[in-house]
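Dumping the structure here so I can ask a few things about it.
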Amino acid sequence: MEQLIYTLLAYINNSLNKDINYHVAKGLLEHIHELESFSLESAADACHVAPSTINRFCKRIGFRNFSSMRNSVNIPIGASLHEANNTPLHTNELFMQLNENLAIIDQIPTEQIDRIVQRIKKSNRIIILGFEKYQVQAMELQKKLLLLGKLSECGTNFFKQMDALTELDEDDLIITISIQGNILSSYFPFIEKFKAAKGQKLLITFSGELGKLAVFDEIIQCGKIENSSVSSYTLLRLFDVLFYRY
């Protein structure tokens, strides 16, 4: 559900015109807690459009159809493939988890960091993909690269991120932030397009599972999966390391 909420919010936040798709996105958000029980026809009634309009909109934001989008609601807010919950941390727990992650970053071989930095320098086009709450961190990386003189792209609309994948060539770079590995989910309408995309593929994650896909050219594991609650802070530290080695 969380990714769908971000996608729909990004759509209405970035819509220049309040066209029919804007009103569909707004209507789906207003009924987000009911979507799981909706049929295509009931969703169309709730948004005051035809069923065909709902299906076209779902394809526009990256889903095969309304059923595919509705299935994504089954993923609970805050849940992942590896986390049972996301309870608030006490201060001591927060510092303990963060220090554990920082120790993992310190152990990343300098050779790997330098190899990634060189790949960034040589790439003609860089696409940064950040899902759910990590869109904010993705934009922070985009800003840091710009300060180094390297312009990159970081779409806040999920469907624009997916469209960008079809436009790349072998000299381009895709940087993907997927902390818990949710892109493996069968509900996530991304992985097949990602596999088909050209260009070098760098993954930033806490999960050891994504390496089994044999899709990524480079993987940085910068934290422990059970320390995902401090992932936002961890990512900022990793970006600093890349920045200073550039």
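All figures in this text were calculated on a predicted structure; none of them were measured in a lab.
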Listing request: all salt bridge (Lys or Arg N to Asp or Glu O under 4.0 Å) pairs with a residue in residues 29-42, at least two apart in sequence or in separate chains.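 The answer is Lys26-Glu30.
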Does a side-chain heavy-atom distance below 4.5 Å link Val24 with Thr53?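 When only atoms from C-beta onward are counted, Thr53 and Val24 do touch, with a gap below 4.5 Å.
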For the pair Tyr134 and Ser232, evaluate side-chain hydrogen bond (donor to acceptor under 3.5 Å, both in side chains) and give the outcome as yes or no after the intermediate values. CA-CA 7 Å; Tyr134 301 111; Ser232 297; 5.6 Å; no
To the closest 0.5 Å, what do you measure between OG (Ser178) and CG (Leu203)?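 Ser178 atom OG to Leu203 atom CG measures 6.5 Å (nearest 0.5 Å).
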Glu140 and Leu236, any side-chain heavy atoms less than 4.5 Å apart: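 With C-beta onward as the side chain, the pair touches.
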State yes or no: do Ile177 and Leu146 share one hydrophobic cluster built from I, L, V, M, F, W and Y residues joined by side-chain heavy-atom distances below 4.5 Å, directly or via other members?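 Cluster IDs for Ile177 and Leu146 differ.
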Given side chains that start at C-beta, do those of Ser123 and Gln200 come closer than 4.5 Å, heavy atoms only?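 No - every pair of side-chain heavy atoms lies 4.5 Å or more apart.
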List in chain and number order the residues that pass side chain to side chain contact (heavy atoms under 4.5 Å, CB included) with Leu147, two or more places apart in sequence or in another chain; answer none if no residue qualifies.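 Counting only residues at least two positions away or on another chain, Leu147 forms a side chain to side chain contact (heavy atoms under 4.5 Å, CB included) with Lys143, Phe243.
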How long is the span from the CD1 atom in Ile126 to the CG atom in Leu141, to the nearest 0.5 Å?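 Separation between the atoms: 8.5 Å.
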Who else is in Met96's hydrophobic cluster (ILVMFWY, side-chain heavy atoms under 4.5 Å, direct or via others)?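 Its cluster partners, ordered by chain and number, are none at all.
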Salt bridge (Lys or Arg N to Asp or Glu O under 4.0 Å) pairs, two or more places apart, involving residues 3-13: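 Residue pairs passing salt bridge (Lys or Arg N to Asp or Glu O under 4.0 Å), neighbours aside: none found.
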For residues 235-246, which residue pairs qualify under side chain to side chain donor-acceptor pair (under 3.5 Å), counting only residues two or more places apart or in two chains?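 Passing the test, one end in residues 235-246: Asp114-Arg245, Lys144-Asp240.
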If we only count heavy atoms from C-beta on, is the Cys222 to Asn101 side-chain gap below 4.5 Å?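 Heavy-atom side-chain distance check fails, nothing below 4.5 Å.
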CZ-CG distance between Arg125 and Leu173, expressed to the nearest 0.5 angstrom: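 It is 12.0 Å, given to the nearest 0.5 Å.
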Phe57: what forms a ring pair (Phe, Tyr, Trp, His ring centres under 6.0 Å) with it, not counting sequence neighbours?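 Only Tyr11 meet the ring pair (Phe, Tyr, Trp, His ring centres under 6.0 Å) criterion with Phe57.
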Does any N or O in the side chain of His31 come within less than 3.5 Å of the main-chain N or O of Gly27, such that one atom is a donor and the other an acceptor?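 Yes; judged by distance alone, with no hydrogens or angles, the pair exists.
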Shortest non-hydrogen contact from Gln97 to Ser229?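 Closest approach of Gln97 to Ser229, heavy atoms only: OE1-CB, 4.1 Å.
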Rounded to the nearest 0.5 Å, what separates atom CD1 in Ile204 from atom CG in Leu238?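 With rounding to 0.5 Å, CD1 (Ile204) is 5.5 Å from CG (Leu238).
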Can you hop from Leu40 to Leu29 via hydrophobic side chains spaced under 4.5 Å?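 Looking at the clustering, Leu29 is in the same group as Leu40.
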Please list, chain by chain and in numerical order, all residues satisfying side chain to side chain contact (heavy atoms under 4.5 Å, CB included) with Lys198, sequence neighbours excluded.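 Here the qualifying residues are Glu170.
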For the residue pair Ile220 and Thr205, establish whether any side-chain heavy-atom pair is separated by less than 4.5 Å.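 No, side chains not in contact.
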Walk me through it: do Leu8 and Ile61 pass the test side chain to side chain contact (heavy atoms under 4.5 Å, CB included)? CA-CA 8 Å; Leu8 294 174; Ile61 62 173; 4.1 Å; yes
Is there a side-chain contact between Leu4 and Leu35 (heavy atoms, below 4.5 Å)?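 Leu4 vs Leu35: side chains touch.
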Before giving the answer on side chain to side chain contact (heavy atoms under 4.5 Å, CB included), spell out for Leu94 and Val230 the whole-Å C-alpha distance, their side-chain angles and the decisive distance to 0.1 Å. CA-CA 7 Å; Leu94 185 148; Val230 295; 3.8 Å; yes
Give a yes-or-no answer on whether the side chains of Glu218 and Gln112 include a donor-acceptor pair shorter than 3.5 Å.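 Judged by distance alone, the side chains do pair up.
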Ile128 side chain reached by Met139 side chain, heavy atoms, under 4.5 Å: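 No, their side chains stay 4.5 Å or more apart.
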Only pairs at least two apart or in different chains count here, so list each salt bridge (Lys or Arg N to Asp or Glu O under 4.0 Å) that has a residue in residues 99-109.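 Sorted pair list: Glu100-Lys224.
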Tell me whether Lys150 contacts the main-chain N or O of Lys121 through its side chain, where contact means a donor paired with an acceptor under 3.5 Å.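 The answer is yes, because a donor-acceptor pair under 3.5 Å joins these two groups.
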Roughly how far, to the nearest 0.5 Å, is the CG atom of Leu165 from the CD1 atom of Ile174?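 Between Ile174 CD1 and Leu165 CG, I get 5.0 Å after rounding to 0.5 Å.
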Which residues satisfy the side chain to side chain contact (heavy atoms under 4.5 Å, CB included) test with Thr91, sequence neighbours excluded?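 Applying side chain to side chain contact (heavy atoms under 4.5 Å, CB included) to Thr91 gives Phe95.
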With clusters defined by side-chain heavy atoms of hydrophobic residues (ILVMFWY) lying less than 4.5 Å apart, directly or transitively, does Ile113 cluster with Ile105?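 As far as the 4.5 Å side-chain criterion goes, Ile113 and Ile105 are connected within one cluster.
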Keeping the roles fixed (side chain from Lys201, backbone from Lys195), state whether a donor-acceptor pair exists under 3.5 Å.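 Checked: pair present.
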Working to the nearest 0.5 angstrom, can you tell me the gap between Leu168 CG and Glu153 CD?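 Between Leu168 CG and Glu153 CD, I get 8.0 Å after rounding to 0.5 Å.
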Might you work through the side chain to side chain contact (heavy atoms under 4.5 Å, CB included) test for Ile32 and Ile5, ending with a clear yes or no? CA-CA 8 Å; Ile32 194 69; Ile5 291 173; 4.0 Å; yes
Is there a side-chain contact between Thr234 and Ile104, using heavy atoms and a 4.5 Å cut-off?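 No, side chains not in contact.
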Please, which pairs that meet salt bridge (Lys or Arg N to Asp or Glu O under 4.0 Å) have at least one residue in residues 8-23, sequence neighbours excluded?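 Listed by first then second residue: nothing to list.
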What verdict does the side chain to side chain contact (heavy atoms under 4.5 Å, CB included) test give for Leu98 and Leu102, after you've listed the backbone C-alpha separation in whole Å, the side-chain angles of each residue and the deciding distance to 0.1 Å? CA-CA 6 Å; Leu98 183 57; Leu102 296 181; 4.2 Å; yes
Qualifying residues under side chain to side chain contact (heavy atoms under 4.5 Å, CB included), relative to Ser42, sequence neighbours excluded: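 Ser42 satisfies side chain to side chain contact (heavy atoms under 4.5 Å, CB included) with Phe38, Ser39 once adjacent residues are dropped.
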Within the 3.5 Å criterion, strictly below it, is a donor on Asn55 or Asn65 matched to an acceptor on the partner's side chain?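 Asn65 and Asn55 do not have a side-chain donor-acceptor pair below 3.5 Å.
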Give a yes or no on whether the backbone of Ser68 and the side-chain of Asn71 come within a donor-acceptor separation of less than 3.5 Å.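 Here the side-chain-to-backbone pair does not exist.
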Looking only at non-hydrogen atoms, find the nearest pair between Gly199 and Asp217 and report the distance.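 Result for this residue pair: O-OD2, 4.0 Å.
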If the condition is salt bridge (Lys or Arg N to Asp or Glu O under 4.0 Å), which residues does Asp45 pass it with, not counting sequence neighbours?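 Residues passing salt bridge (Lys or Arg N to Asp or Glu O under 4.0 Å) with Asp45: none at all.
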Spell out, as yes or no, whether a donor-acceptor pair under 3.5 Å connects the side chain of Ser152 to the backbone of Ile127.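 No: the side chain of Ser152 does not pair with the backbone of Ile127.
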